[in-house]
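Encoded as structure tokens, the structure appears first; notes follow it.
The basis for the numbers below is simple: all heavy atoms, side chains too, and nothing from hydrogens, waters or symmetry mates.
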Amino acid sequence: MLFTIKQSLFSIIRQSERRFPFKDEAGYTPLQVSASLIVMALMAGALGGEVNLQIKKSKDNAAADQLNEIYVAAQNWVKGNTQNLANLVQDAGGVYQIPAARLTSGDDIPEDSLQGQGFIP
């Protein structure tokens, strides 16, 4: 039995030597390495541009969503204050400006703003 295992191992080694006759010359040539590095650099450049484009689109969409949220809140405020709107405009001198929300996260929420009146979360 031991002889059969030994014989089968030798036959496997001989077969691999026939398939890979240059196994002592393993590795890649400098030209192959350079070519693969150039291809990877080109792919990284192309993918980097696409990633930047997607990030820009994502930021633009987030800003558009925020502006739409303020627009809807202002419309809801006008609907809720229709009776007082004429007096507010007259008292303001022709144009009534309502603040949307606080300026920074550290500031207090102004009570007369859209956020302070509950139109914006």
Pairs satisfying side-chain hydrogen bond (donor to acceptor under 3.5 Å, both in side chains), at least one member in residues 41-58, at least two apart: Lys56-Asp60
Mind checking what makes side-chain hydrogen bond (donor to acceptor under 3.5 Å, both in side chains) contact with Asp107, not counting sequence neighbours? Thr104
What pairs with Leu31 under side-chain contact (heavy atoms from CB on, under 4.5 Å), at least two apart in sequence or on another chain? Thr29
Name every donor-acceptor pair, under 3.5 Å, that has one atom in a side chain of residues 70-82 and the other anywhere in the protein, sequence neighbours excluded.
residue: Tyr71; atom: OH; partner: Gln75; partner atom: NE2; Å: 2.7
residue: Asn76; atom: ND2; partner: Val72; partner atom: O; Å: 3.4
residue: Trp77; atom: NE1; partner: Gln117; partner atom: OE1; Å: 2.9
residue: Asn81; atom: ND2; partner: Trp77; partner atom: O; Å: 2.9
residue: Thr82; atom: OG1; partner: Val78; partner atom: O; Å: 2.9
residue: Thr82; atom: OG1; partner: Lys79; partner atom: O; Å: 3.2

Please say whether more than 12 non-hydrogen atoms of neighbouring residues, nucleotides or ligands are located less than 6.0 Å from CG in Asp108. no
Give a yes or no on this: more than 12 heavy atoms of other residues, nucleotides or ligands lie within 6.0 Å of atom CD of Gln83. no
Partner set under salt bridge (charged side-chain N to carboxylate O under 4.0 Å, His left out) for Lys59, not counting sequence neighbours: none
Would you list the atom pairs, donor with acceptor, under 3.5 Å between side chains in residues 95-103 and any protein atom, with sequence neighbours excluded?
none

Restricting to pairs with a member in residues 64-78, which pass salt bridge (Lys or Arg N to Asp or Glu O under 4.0 Å), not counting sequence neighbours? none
Would you tabulate the side-chain donor-acceptor contacts of residues 41-49 under 3.5 Å, counting partners in other chains and residues two or more places apart, or write 'none'?
none

Looking only at heavy atoms, what is the nearest atom pair of Gly116 and Ser113, with distance? N-OG, 2.9 Å
